[in-house]
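The structure appears right after this line, and notes come after that.
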Amino acid sequence: MSSKRILTDKIFEYLVTIIALTAVIAVILIFVFIVKEAFPIFFDNEIRYDGKGNEIATMSKMFLPQVIDGQLDFRWQPTSDIPKFGLLVLIVGSIKVTFISIIFAAPLAISAAIYSSQFAGRVFKEIIKPAIELLAGIPSVVLGFFALIVLANWVEKVLGVKPGLNTFTAGIALGIAVIPIIFTITEDSLSSVPKSYVEASLALGANKNQTIWRVLIPAVSPGIFAGVVLGFGRAIGETMIVLMASGNAGILSADFFDPAKTMPSTIAVEMGEIATGGTHYTVLFFIGFMLFTFTFILNYIGDFVVHRFKKKLAGLR
Amino acid sequence: MTQVVYKIKKKFNSFVLVTFLATLIILLILGVIFYDIISQGISHLSWEFLCDKPAEEIRMGGIFPAIFGTALLVLVMTVAVVPIGVITAIYLHEYAKNNKLTRLIRVAVNNLAGVPAIVFGLFGLGFFIQFIGHGIDNMFYGGEIVYGRPAIIWASLTLALLTLPVVIVTTEEALRNISKDIREASFALGATKFQTIMRIIIPNCLSGIITGAILAISRGAGEVAPILFTGAADLLPKLPTSLSDQFMDLKFHIFVLAQSPDVKNSTPVLYSTVLVLLLLIFILNLIAFILRSQLRRKFKSH
């Protein structure tokens, strides 16, 4: 081999390695730049106080109840005379909407995954899988649109709840987006359970009902758990559906039929209308930082469980 | 397994029935969404609608600038994401040893796929516009704001980061399908790794690479959150002429129309725009699906 060819080969290898680091650099840069814009919230007093020396965006103002109209309350009113950044309003809003979406999506998706992998005939399976892919391909703005125009109407007419744009409506629409995620991961883990599990159980004299509930379901429960966790991660970060369907009201409430405001939708609505660098801007980046951290942890747990589950089953096959 | 469980199925109908009903409900939801959008959207759909500029604010007229903007957006995105994604996949499959660096890259790709779309939007604003854009302005334009504001280039690059995992995963799957024999035959004939990759591996997984690009486009064409503050404009009948221009965009157009105070009047336009976006994404996914199954069949027959 001529030395020129070896040299080209080496240079190419280095180039490929460097370019392959793009994903790593991207993740680091995302973290660094979100932190850079968000962290003045902890120490920059120009951000934390208004011009007259009143606290507006300190930790206690954001996370503790404030006296509003003589009552202790949480509010998100960033544009009022004295801006109120009650982050708990958004956190509770996010959790409420996500909760409904999971309650709606998980039973449907898990059942459908069990049916598809265990009971469905070949033809029906050929229908279910592309259908789920089709559902996963619907852009979130389209689901948001559907919730806004159609679902909200049904909620008003059938359930008699007004306004139709509320936590419940947003949660259902979000659930539709989460179904494919939970389905795919559950289906995947169900089809990796070895035959020998079921056969051994039947051979030991367990009847079929016992086999389903005591062998099959427990065997795939880590897969189901991971599916729900990853679905939760997707749901809590989803922006457009909630933005269009939840009614966007910055008031803390425990009622699932009240309008709600979530962390991602608040960033989406308000970031476009404000000057860079101010208190509001920094608080929005701080919300972004919380979202990033939160989804990071959820994805880590989900991936970890899936990985360990697959490894365990691989050893037993 | 199917046979064993088939016996279970015969005995315990209630469990099978419940899971079957859940499956039906999901199919029904899908059916309702598609039926509603197609039946309502088709009436307003016409060549004029596709080729005209918006009129009366955006409530009437056509959506051509939005279609053009989306096309340009995903084109620039594709140019950025496909080479990087393909090269990363080649590294992971052809070069990577089982070491810390490889694991780090895999973890990063996984993570990137899990970052919420809105966080990409924030990143685009903080990094591309505030940092890179302002940097370019200060260096080359003497502080005059040219790139330090929302623009199509920044929206495209933000989407490129978001779709990077899609391209990597799809390309790697295609690489995995190439049999070892071809590779070894190439080495045996005296080709270097570089030559093998350029002349054997890339041509052989070309349809896999195209599939990855199409899936990235279909994902990028549907995500609104990352472009909210990085370049999309409400109403801009003038088509973008430079990469530092703002642009109209199909998916963003849907959001803007849906947010307008008199949603009732704009509903026909809204439905048709949604239908156009859905058709676009559906056709893209269909092409990717066909390419993929062809690829699988081809390598099965080897």
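Chain naming here is simple, since letters A, B, ... match the order of the sequence lines and numbering starts at 1 in each.
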Exercise. Hey, which of A/Ile132, A/Ile287, A/Leu151, A/Ile34 has the most heavy atom pairs under 4.5 Å with chain B?
Worked result: A/Ile34
Exercise. B/Phe128 and B/Phe123: side chain to side chain contact (heavy atoms under 4.5 Å, CB included), yes or no, with the steps?
Worked result: CA-CA 7 Å; B/Phe128 288 128; B/Phe123 174 69; 4.2 Å; yes
For this session: Check each atom of A/Asp303 against the heavy atoms of chain B and say whether the ones under 4.5 Å are side chain, backbone, both or neither.
Result: side chain
For this session: Side chain from CB out, backbone as N, CA, C, O: work out which of these in B/Gln130 comes under 4.5 Å of a heavy atom of chain A, or both, or neither.
Result: side chain
Problem set entry | Per-residue contact mode, B/Ile84 against chain A (heavy atom under 4.5 angstrom) | both
Problem set entry | Closest non-hydrogen atom pair, A/Thr295 against B/Gly114 | CB-O, 4.1 Å
Exercise. Under a 4.5 Å heavy-atom cut-off, does chain A meet the side chain of B/Leu284, its backbone, both or neither?
Worked result: neither
Problem set entry | A/Lys36 charged N/C atom sitting above B/Phe127 aromatic ring, 6.0 Å / 45° | no
Problem set entry | Matching residue for A/Val150 among B/Asp36, B/Val32, B/Ile33 - test: side chain to side chain contact (heavy atoms under 4.5 Å, CB included) | B/Asp36
Exercise. Quick one: of A/Gly237, A/Ser111, A/Gly288, who has the most non-hydrogen atom pairs under 4.5 Å with chain B?
Worked result: A/Ser111
Exercise. Of the listed residues (A/Phe292, A/Phe145, A/Phe124), which shares the most heavy-atom pairs with chain B below a 4.5 Å separation?
Worked result: A/Phe145
For this session: Name the region of B/Leu164, side chain, backbone, both or neither, that has any atom closer than 4.5 Å to a heavy atom of chain A.
Result: side chain
Exercise. Which one of B/Ile281, B/Leu270, B/Leu161 has the most heavy-atom pairs closer than 4.5 Å to chain A?
Worked result: B/Leu270
Exercise. Heavy-atom distance under 4.5 Å to chain B: side chain of A/Ile267, backbone, both or neither?
Worked result: both
For this session: Under 4.5 Å heavy-atom distance to chain B, tell me which part of A/Leu148 shows up: side chain, backbone, both or neither.
Result: side chain
Problem set entry | Side chain, backbone, both or neither of A/Ile149 within contact of chain B (heavy atoms, under 4.5 Å) | side chain
Problem set entry | Engaged part of B/Leu286 at the chain A interface, taking heavy atoms whose separation is under 4.5 Å | neither
Problem set entry | Portion of A/Thr17 that has a non-hydrogen atom of chain B nearer than 4.5 angstrom | both
Exercise. Looking at B/Thr273, B/Ile25, B/Val119, which one has more heavy-atom pairs under 4.5 Å with chain A than the rest?
Worked result: B/Val119
Exercise. What part of A/Leu135 is in contact with chain B, defined as an atom under 4.5 angstrom from a non-hydrogen atom: side chain, backbone, both or neither?
Worked result: both
Seminar exercise, completed: Answer key: most heavy-atom pairs under 4.5 Å with chain A among B/Phe34, B/Phe120, B/Phe289 is B/Phe34
For this session: Give, as side chain, backbone, both or neither, the part of A/Ile236 having an atom under 4.5 angstrom from any heavy atom of chain B.
Result: neither
For this session: Heavy atoms only, distances under 4.5 angstrom: which of A/Ala20, A/Pro139, A/Ser265 has the most pairs with chain B? Name it, please.
Result: A/Ala20
Problem set entry | Portion of B/Leu92 that has a non-hydrogen atom of chain A nearer than 4.5 angstrom | neither
Exercise. Heavy-atom distance under 4.5 Å to chain B: side chain of A/Ile176, backbone, both or neither?
Worked result: side chain
For this session: Please answer whether the main-chain N or O of B/Tyr95 pairs with a side-chain N or O of B/Lys193 as donor and acceptor at a distance below 3.5 Å.
Result: no
For this session: Report yes or no: does B/Gln195 contribute a side-chain atom to a donor-acceptor pair with the main-chain N or O of B/Thr192 at less than 3.5 Å?
Result: yes
Exercise. Is it true that atom CZ of A/Phe304 has more than 12 heavy atoms of other residues, nucleotides or ligands lying nearer than 6.0 Å?
Worked result: no
Problem set entry | A/Val16 versus chain B, the contacting section by heavy-atom distance below 4.5 Å | both
Problem set entry | Donor-acceptor pair, side chain of B/Thr102 and main chain of B/Lys97, under 3.5 angstrom | yes
For this session: Please test A/Tyr281 against B/Leu125 for side chain to side chain contact (heavy atoms under 4.5 Å, CB included), starting from the C-alpha separation and ending with a verdict.
Result: CA-CA 11 Å; A/Tyr281 175 90; B/Leu125 179 66; 4.1 Å; yes
Exercise. With only heavy atoms counted, which part of A/Met240 is less than 4.5 Å from chain B, the side chain, the backbone, both or neither?
Worked result: side chain
Exercise. Short question: side chain of A/Ser201, backbone of A/Tyr197 - any donor-acceptor pair under 3.5 Å?
Worked result: no
Problem set entry | Most contacts with chain A, counted as non-hydrogen pairs under 4.5 angstrom, among B/Phe282, B/Phe252, B/Phe131 | B/Phe131
Problem set entry | Atom group of B/Phe229 that falls short of 4.5 Å from chain A, counting heavy atoms | side chain
For this session: Give a yes or no answer on whether the side chain of B/Lys251 reaches the backbone of B/Gly220 with a donor-acceptor pair at less than 3.5 Å.
Result: yes
Exercise. Backbone N or O of A/Met263 within a donor-acceptor pair of the A/Ser94 side chain at under 3.5 Å?
Worked result: yes
Exercise. Any salt bridge between A/Arg234 and A/Glu238, counting N to O under 4.0 Å?
Worked result: yes
Exercise. Of the backbone (N, CA, C, O) and the side chain (C-beta and beyond), which part of B/Leu112 lies under 4.5 Å from a heavy atom of chain A, both, or neither?
Worked result: both
Exercise. A/Phe296, A/Phe285, A/Phe183: which one forms the most heavy-atom pairs within less than 4.5 Å of chain B?
Worked result: A/Phe285
Problem set entry | Contacting moiety of B/Ile87, where chain A heavy atoms sit under 4.5 Å | both
Exercise. Is the count of non-hydrogen atoms from other residues, nucleotides or ligands lying under 6.0 Å from A/Phe12 atom CZ greater than 12?
Worked result: yes
For this session: Against chain A, work out which of B/Val107, B/Thr88, B/Leu122, B/Ile90 has the most heavy-atom pairs shorter than 4.5 Å and name it.
Result: B/Leu122
Problem set entry | Residue, of A/Gly137, A/Ala131, A/Gly233, A/Gly302, that accumulates the most heavy atom pairs under 4.5 Å with chain B | A/Ala131
Problem set entry | Interface moiety of A/Phe31 toward chain B, non-hydrogen atoms closer than 4.5 Å | neither
Exercise. Most heavy-atom pairs under 4.5 angstrom with chain A, which of B/Val224, B/Leu228, B/Ile254?
Worked result: B/Val224
Exercise. Among side-chain atoms of B/Gln246 and B/Arg149, is any donor-acceptor pair under 3.5 angstrom?
Worked result: no
Problem set entry | Qualifying side-chain hydrogen bond (donor to acceptor under 3.5 Å, both in side chains) pairs, either residue in residues 274-285 of chain B, two or more places apart | B/Ser218-B/Asn285
Problem set entry | Contacting region of A/Leu143 [heavy-atom separation from chain B under 4.5 Å] | side chain
Exercise. Taking the side chain from B/Thr70 and the backbone from B/Leu250, do they hold a donor-acceptor pair closer than 3.5 Å?
Worked result: yes
Problem set entry | Atom group of B/Ile26 that falls short of 4.5 Å from chain A, counting heavy atoms | side chain
Problem set entry | Between A/Tyr300 and B/Asn110, a side-chain donor and acceptor under 3.5 Å | no
For this session: Quick one: list whatever passes side-chain hydrogen bond (donor to acceptor under 3.5 Å, both in side chains) with B/Arg199, sequence neighbours left out.
Result: none
